[in-house]
Each structure stands twice: as structure tokens, then as C-alpha cells.
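Heads up: the structure comes next, in C-alpha cells.
Given the structure is predicted, the values throughout are model-derived calculations rather than measurements.
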Amino acid sequence: MTSRKPQPSPPSPSSYNHIASSWTPTIRYKALKLSQVICAVYILIMTFRYYPRGLIDPSAPLGEWRIVDVWNPSNTEAGVIQLNGDPYGQKRAVVAKDRASLIFLAISRISAFTLYPPMFLIFMTKCKATINFLMRTPLSLFMVDDQHELHSFCGKYIAFDVWVHTLFHCLRWGIQGNIDLLWTNMTGLSGLIVVLATPLITFPMFINPLRLAMSYEVRKGLHYLFYLFAIGMCFHNKTSAFPNGGFNQVVLGFCIVYYTLDSLYVMIFMTEIIETTVFNVLPSGVQMTMAVSDHFQKTYAQGGYGYVCLPWVSKYQWHAFSLFEHPTDPNLRQVFMMKVQGGDWTNSVHEQLQRNTVRPVWISGPFVSPYNNALDFDNTICVASGIGITPALSVIRAHRESRRINLIWTCRDVAMLEFFSDHLYLNNDDGWILIFYTGKEPLSPAIENANSNVILIKRRPDLHRIVPNIIYGIESGKGVPEIQQPSEKVEAKEFLADKLEDLEEMLLSEDEIVEELTMLAHEKGFLLSNLVAEHGTDEGKPFLEVVKEHFSSTPPVKHIQLDTSHNNTGPYQRRKSQRVRRVSTMRRNSMMDTGYCPSEEHEGADEFVRNLNKRLVLSTWGLLYCGGSKPVENTLKQISKEYN
């Protein structure tokens, strides 16, 4: 299994990194690296050819190459040349009169030309409207899943490369006695501006001590210095140097104009106001529920992310958050704003929201999420940390009818855990839902003792054990998650159906009835939302109405059986039309006796998974991560490599 990373994930207070791992090998950004090699070869050829096609003095014999101004020796002494003897042409600071200077010049020019592909991509990966369009065309077959991760990769390369470029120019100018070119020549001065701006743009985004020391708002504000970077690069050399340079104005000019136009399109055509956004205040954060327009829904049917502006907090700040759907109403989109230490904007939001309320919100989007690549697999294991659960919920909702989605969620916030558990969000009968609670506050008994495929474990997850155990249980048929304590479910539903009639006779309000049923379900060891959702949710209807329809008649429970037969020559296939069938009592009792749990030790699971056909079986499994934990991300990469 080799990692293909989906954050982004947008850069936000609840930012997330992604790994989308398939069990097939791939080379990371090979097209980018190949284009950089081509650029490096090109400029070496153009530099070390005899003038006028190159820069080498035609009078210099082989082995004694030098780059001088063949028309004006005084220019050479000043460290510059003017091509074709043009007295009004650009003075190019590329003089190299000895072997060391030639080596330094070669390194600085290679570093300059290998910057072009990353500089182009650093802008294109943030053209959100363009990416949305391209992801719906066959061109998406050649695009990376996680545009933000590619953006970060290119940013880190640029942050390192500009210093290499500057260092070797300065070394060459220094040994020639022309260091004043750094501030007297346009190339040197513009380069100096760029090299000073680059750390301010990049370092706060990927150097952890700076990330922790600076608020998100400050880091994002500094990030907008990329406009200064791009303008400085446009003045770094002129098009008159073409084809021996002079590409900056074309490449950077195009990028900055196109990015600005794309941003204007998003602002005008992909942004809308939600006048009645419902805010539910929880101890750990705020849940936003928005009734979005038809245009918004059609742009991206489910999931994705959007940029949110709360004008009553700040008119100038837009923050990216994952979007997930309301479990019973497809017209509603939801956002969870986690309280973040050091986040000025999020702190302001929570200070102003002390109780449930309705406020206006501007939202821009939706934009394609890296989690969209769950489409590539029949089986997916989503690993989430904290608020990273939100994009995982979108994956579950979008694909639970056609694919098997498993979830491993590490959470230390009891309010968040109980909120998502009680409100139908973890409805997924066909996949394992493993919740690892690392907090200290006590939990609801219904969650701790749930008789379902939702399992709560009070410790940190051992991913090296759990990931292969999930695959082993499903591929072998020994741990199929949808068959869990069916007889107890039927008994619980019959009990709640009787109680529902009693509660209606007591003339209680709808909220009081739902509250009573929820408590009674907890006493039986079930979540009310899961019992109702087993028959399918009626989207758009009030929750109590859905409860009445399902419990008034208490229809027989249908159980799902999956044909898990497989061999090492064919893929594991699973489709909804093949799955829905009644399961015999003997089969149900067999599953209850085994009590399979992926978090426990299962002898032979690792070996079983290693023996599966990597191309035909393991290639149908995807591994997705959403969270801010670097150790978890590295662990998943290790697992990916281990079984590849």
C-alpha cells in the first residue's frame, strides 16, 4: 500500500492533513519532478553554448569557458552583460570568468528554472473554481487528489530553492567583487525583495514552533505577501532575455492574473448569504446548520469544504471548514467550529455565542474535498482525529449505499462524541465505527454499552493492529460489521414502540417525547438514532415523525449479508443489490458467539492480509486520514508501506 495524500484541506483553524492510500504503488508528483528535470536540462544547454545562441564567449577554447560581455569590457568588470551589444538592453548579472564562477552560475540557474513548475502550481492549486470544473472532466484522471498537499509541497520547495538560488549568485558576485549588484541591479534588488518575503509567506505555515507561536489570522495575513513575491519575480528579468531566460513576466504574470480572476469568479458566482443559519452551542464548539441554495447543492452534491464569513464577527475574515450533510435533510449543510487555542477569530465566535441562536452567514463554495477519492475503492477505512470526523461523516453519507465505509475516530471531547452519536451522524450499519475515547469525563451508558457496530474503546488506537483486523474480518467473513445482536435490537424496538404509545397519551411535547425515547433507548444499550436509521431515514421530515413511522408498526428487521468469498485471483466485490437478504438464525447466533471486535488481537490477521492479492484484492481498499496529528499520519504511511 502506498500513500496518495487528499487539507485542507484547506488551511483553517480546523485544518486537516490527508492520506488516501491504496494498496498499489505510485510515484509522488512524478510529472512535477519530470518537468523540473526538463527545465534544468534546458537552461544548462542554453547557458553553456557559444554566443549568440548561448552565453559562452566564442573566443574561449574548450576547458577555458567564460561568460563576458563581448561587446563592452567595462560591463564585464561591473559583473553584467548586454546581449547583442544593445546599450539600452537589460544588464544581466551573469558574468563568470573562472571555473568556480561557472559552477556557481550553473547551480543558481538550475535552481531558478526548476522553480517554474512549482511556482505555476502554487497558484493553480488555489484556483478553486477551476479545480471544481476540472474535477468533473476526464482531466481529473491526471490530477492529484489533494491539491492543498501539492500546494504545500511546492511551497516548501520554493522556500528552500530561493535561498539556494540567492546564495550561489552572491558567492559568484562576491569572488568577483561585484556584491553591490544585490542592490544596484534590478535583478539583484527584485531578487532581494523576493527572498526576504518568502520566509514570511512560507515558514509560519510549515515550521511548527512558528505555527504554534502565531495565530492563524496572522499567518494567513502574511501569506498574502505572495502578491509581493509574484510582482518581484516579474521584475527579476525581462522578456528580452528570451530564450536564455526572461520567462518570469510571462509565467508569473499569467499566474497572478488567472488566480485573481478565479478568485473573483468564486466571490461573485460561488458565494451566497444564509440569512437564517442555526448555531447550536456545545462545550467544545459550535455547530452551524445552513439551508443552502439549489445552486450550492448542485455544485457539489455532498461533502467538500467551504469558506465561511461571519460578518458580525469580522467582515474581512473567511475561514475554511469541512461541510457535511444533515442526516435527515439533504438541503441542509453543517459545519462544526471547534474551539481552537490561539485562534483569535474562533475565540471571538465563541465569546459572542453563549447560547443557541440564529445569525446570518456568508459561505463560499462548495469546493472539491480530497476525500472525494473514496470513490476509487470498494472498501474504505477512514481514520479521524477530533474534529476531523466531519469530512469522514460526508464520506459515510455519500457512499454508504454502494461501498463499505469503516471509521476509526479518536476523540477526547465527550460533548462532541455524544452529539455526533445521538444525532444520527454515525449511522452506518455496513461498516465498523470504532470510537477511541481519550478524555476523562464520564460517558453516556448507551454509548459505552452500545449493542451495535458502533464500538467505544477507552484508550488510544493501535492502528497497526486495527487496520489489518478490519480487512481480515471483512475479507474472511469472520467480522462482518452489519450483523450485530439482531435479536436484542428487535426487542428494544418493540419496547420503544409500546412506550411511544404511552408517551403520546400523556400529551407531552415533541421534544419531551424524543427526550424520553432517547433515554429509554440508552437504558437498553442503543442509540435511538441508530435504531431508527436501520430502516432508512426519511429525509426532510421531523425526527419525531420518522420515529413514529418506524416504531408504530415495528416491521421485521432486515439484516445484510455480504458474499465474502474471495481468492487471490479476484477482487472483493460488494454492491447493495447483492447484499440485502435475510440472515438465518444460525448465522446470526454464530456471529454473536464470535463477538468479533477489530480492536482486539486476532491471531493470523496480519498474515492473512499480507497473503491477499495486492493488485486484485488490496487495491479495492482505501485508507483515508483526517486530522492534525503528524504521528498518526506517519503511522498510516508505515502501514501503507508494510502491506504494499
Side-chain angles (χ1 to χ4, degrees), residues 36-37 39-87 89-116 118-119 157-199 229 232-233 235-238 240-248:
Q36 288 181 291
V37 171
C39 288
V41 172
Y42 171 83
I43 197 55
L44 283 176
I45 293 173
M46 296 304 296
T47 300
F48 295 103
R49 299 175 71 185
Y50 284 111
Y51 182 84
R53 293 183 177 179
L55 297 179
I56 298 297
D57 181 2
S59 65
L62 185 65
E64 298 180 12
W65 282 354
R66 61 180 179 268
I67 298 174
V68 297
D69 191 324
V70 298
W71 302 93
N72 189 340
S74 63
N75 279 344
T76 301
E77 291 302 316
V80 298
I81 65 172
Q82 289 176 293
L83 297 178
N84 302 319
D86 181 4
Q90 181 187 17
K91 292 184 177 181
R92 308 189 64 196
V94 293
V95 169
K97 295 181 287 186
D98 53 50
R99 183 171 297 178
S101 296
L102 286 171
I103 293 173
F104 293 160
L105 179 64
I107 295 174
S108 60
R109 299 206 90 192
I110 289 173
S111 62
F113 270 68
T114 56
L115 271 179
Y116 281 121
M119 283 194 301
Y157 182 87
I158 292 171
F160 168 79
D161 192 80
V162 294
W163 287 98
V164 173
H165 178 76
T166 303
L167 173 64
F168 283 94
H169 268 319
C170 290
L171 286 174
R172 181 171 53 85
W173 294 338
I175 63 176
Q176 294 175 167
N178 304 124
I179 194 63
D180 61 312
L181 289 172
L182 190 59
W183 56 85
T184 60
N185 182 271
M186 178 56 71
T187 297
L189 183 59
S190 60
L192 181 61
I193 293 173
V194 167
V195 80
L196 292 177
T198 300
F229 174 95
M233 290 296 291
F235 284 94
H236 197 52
N237 55 47
K238 295 182 179 179
S240 59
F242 183 85
N244 208 307
F247 297 95
N248 281 17

Gap between atom [atom2] of [Y] and atom [atom1] of [X] - 0.5 Å precision:
X      : Y      : atom1 : atom2 : result
Ile179 : Leu171 : CD1   : CG    : 8.5 Å
Ser59  : Tyr50  : OG    : OH    : 9.0 Å
Met119 : Thr114 : CE    : OG1   : 9.0 Å
Trp71  : Tyr51  : CH2   : OH    : 5.5 Å
Phe113 : Ser108 : CZ    : OG    : 11.0 Å
Ile67  : Leu105 : CD1   : CG    : 5.0 Å

Do the side chains of [Y] and [X] get nearer than 4.5 Å, heavy atoms only?
X      : Y      : value
Pro118 : Gln36  : yes
Ile158 : Phe229 : yes
Ile81  : Asn75  : no
Ile56  : Arg66  : no
Leu192 : Val195 : yes
Ser101 : Gln176 : yes

So, the side chain of [X] versus the backbone of [Y]: is there a donor-acceptor pair under 3.5 Å, distance only?
X      : Y      : value
Thr76  : Asp69  : yes
His236 : Thr187 : yes
Asn244 : Met46  : yes
His165 : Ser111 : no
Asn178 : Leu181 : no
Gln82  : Lys91  : no

With distance as the sole criterion, is a donor-acceptor pair present between the side chains of Thr47 and Arg109 under 3.5 Å?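 Yes, because at least one side-chain N or O of Thr47 sits under 3.5 Å from a partner of the opposite role on Arg109.
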Donor + acceptor pair across side chains of Asn248, Tyr116 (<3.5 Å):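 Present: a donor and an acceptor within the cut-off.
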Anything under 30° is parallel, anything over 60° is perpendicular, the rest tilted; go ahead and classify Phe48 against Trp65.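 Phe48 and Trp65: parallel rings.
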Locate the shortest heavy-atom distance separating [X] from [Y]; write the atom from each residue and the value.
X      : Y     : result
Ile110 : Ala40 : CG2-CB, 3.9 Å
Gly79  : Val95 : C-CG2, 3.3 Å
Arg172 : Ala93 : NH2-O, 2.8 Å

For Phe247, I'd like to know if atom CZ has over 12 heavy atoms of other residues, nucleotides or ligands within 6.0 Å.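 Yes, because the 6.0 Å sphere around CZ of Phe247 holds more than 12 heavy atoms from other groups.
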Would you say CZ of Phe160 has more than 12 non-hydrogen atoms from neighbouring residues, nucleotides or ligands within 6.0 angstrom?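 No, CZ of Phe160 has 12 or fewer neighbouring heavy atoms, counting only those of other groups under 6.0 Å.
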Go through the structure and list residues passing salt bridge (Lys or Arg N to Asp or Glu O under 4.0 Å) with Asp161, not counting sequence neighbours.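 By the salt bridge (Lys or Arg N to Asp or Glu O under 4.0 Å) rule, Asp161 matches no residue at all.
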